[in-house]
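To keep things clear, I will list the structure first and then write my remarks on it.
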Amino acid sequence: MTQRTGWTRDDMARRAAQELKDGFYVNLGIGIPTLVANHIPDGVDVTLQSENGMLGMGPFPYPDEVDPDLINAGKQTITELRRSSYFNSAESFAMIRGGHIDISILGAMEISEGGDIANWMIPGKMVKGMGGAMDLVAGVKRCVAVMDHTNKAGASKFLPQCTLPLTGRDCIDMVITDLGVFSRGEGEGRFRVTELAPGVEMDEVKAKTEADLRWG
Amino acid sequence: MGKVYKNAADALEGLTFDGMTVMSGGFGLCDIPENLIAALRDSGAQNITAISNNAGVDGFGLGLLLEPRQIKKMISSYVGENKEFERQFLAGELELEFNPQGTMAERIRAGGAGIPGFYTKTGYGTVIAEGKPTREFDGETYIMETGLKADVSLVKAWRGDTQGNLQFAKTARNFNPMMATAGKVTVVEVDELVEVGELDPNTIHTPGIFVQRIIEAKCEKRIENMTVRERN
């Protein structure tokens, strides 16, 4: 029997949740980042922002609580909390673009060694649009990208340069993949390997990473 | 001349024409001006430029205008919940201009506030920045975006009074208040139309100065992505 190594989607979400600090205002993207809400550490109180115009996003409603006027940015029905507030889209993006949101956790298709992110379009396919992703990566204080380290064909998604059209340039502070955690501090160019997922060896990370990291 | 009209068709009378630019509020299907969109379709106006965060779904919302090919160009941040939209776009029959959602909201806000352009970091270094002037502020590069205006803005609100003062419900506010400011003529449909004095002036989200025509109309309020949890 082979032992599975590395992190599952849920493990990655749990690890990303460790980046949330008490009192943070947080924006979570669609996909794995949405799962982060299930793993907020005990004793850490955060407020979730939904960019369609709500702070203090509550859980999904019970069937008899559904309100068509109350949805999140993924258009899912949600509920409010005692702390919630509502506002228009311009005010919502003033929070995002004005640097008032502490952290954004978002999915990625590719990340470059210089912190560029591509996550909104694949040329030749029907493009749905960037929604709020370009605003989030340009404006939020700290951006954490969560993605599988390689694509289905086994090719690295952590690259010297993104091959897909960019969502933002030099904006990602931390990358969490199924293999580990990669981070860079303020003003640092390249990422360091700061954590390996259980059972993952550095050699495997090196073999699956095209980006030039600070390996030492 | 009062602001209150009988119905959606009546409220759009004399406002629609070929080549017009229309803003339409809502986020996904959440509080879109359903009745006014249907009336715009019935007006037969062609070659419309539609500014709306999303493009509706097949047969509902702006989807109603896509099927009879009344839309020439969409300015949106996220589309593609709509097969007819995709078909027309891939066939080259529909122009599409993507705006980052925050840039779009700010462009509309600016348009309504008499601000012709502004600088933002959003989109710098991406295809969105191509051809746009840039400027450095405190060592960071920003791109210039322009304000957006419309010939007619279609807005959906929860409650309004006969003077056009509006209140929105929860996340149904979204783009509606900015669009109300950016239309040469702003037409609003509300769930509940009341007499002046019935809304607390301290709780008005959009002052009536931005509203020229208002109707009360019943909405279907379709839910795009029903997500619930079970009681234990």
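In this text, all values refer to a predicted model and were calculated from it rather than measured experimentally. Chain letters run A, B, ... following the sequence lines, proteins first, then strands; residues in each count from 1.
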What part of [X] gets within 4.5 angstrom of chain B, counting heavy atoms only: side chain, backbone, both, or neither?
X        : value
A/Asp116 : neither
A/Glu91  : neither
A/Ile71  : both
A/Thr167 : backbone

With a 4.5 Å cut-off on heavy-atom pairs, point out which of [options] contacts chain B the most.
options                              : result
A/Gly132, A/Pro61, A/Ala138, A/Gly74 : A/Pro61
A/Ile78, A/Thr77, A/Asp69, A/Asp67   : A/Asp69
A/Gly168, A/Pro59, A/Gly53           : A/Pro59

Original post:
Looking just at side-chain N and O atoms, do A/Glu80 and A/Tyr86 make a donor-acceptor pair shorter than 3.5 Å?
Top reply: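 Per modelled atom types, A/Glu80 and A/Tyr86 side chains form a pair under 3.5 Å.
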
Original post:
Looking only at heavy atoms, what is the nearest atom pair of A/Val127 and A/Ile122, with distance?
Top reply: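 The answer is CG2-O, 4.5 Å.
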
In terms of side-chain geometry, is the basic nitrogen of [X] or [Y] positioned less than 4.0 Å from the acidic oxygen of its partner?
X        : Y        : value
B/Glu93  : B/Arg87  : yes
B/Lys221 : B/Asp191 : yes
B/Glu86  : B/Lys83  : no
A/Asp170 : A/Arg184 : yes
A/Asp212 : A/Arg190 : yes
A/Arg142 : A/Glu19  : yes
A/Arg15  : A/Glu195 : yes

Does any heavy atom of chain A fall under 4.5 Å from the side chain of [X], the backbone, both, or neither of them?
X        : result
B/Ile108 : neither
B/Arg109 : side chain
B/Met226 : both
B/Asn176 : neither
B/Phe168 : neither

Among [options], which has the most heavy-atom pairs under 4.5 Å with chain A?
options                                : answer
B/Gly125, B/Ala172, B/Pro100           : B/Pro100
B/Met104, B/Glu224, B/His205, B/Arg173 : B/Arg173
B/Glu81, B/Arg222, B/Arg231            : B/Arg231
B/Gln101, B/Lys121, B/Arg229, B/Glu230 : B/Arg229
B/Asn54, B/Ile223, B/Leu29, B/Val79    : B/Val79

Subject >> Expected output: side-chain B/Glu34 to main-chain B/Glu220 donor-acceptor under 3.5 Å >> reply: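 Pair found, side chain donor or acceptor close to backbone of B/Glu220.
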
**OP:** Would you check if the distance from the ring center of B/Tyr142 to the ring center of B/Tyr124 is below 6.0 Å?
**Re:**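 Not close enough - the centres of the two rings lie 6.0 Å or further apart.
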
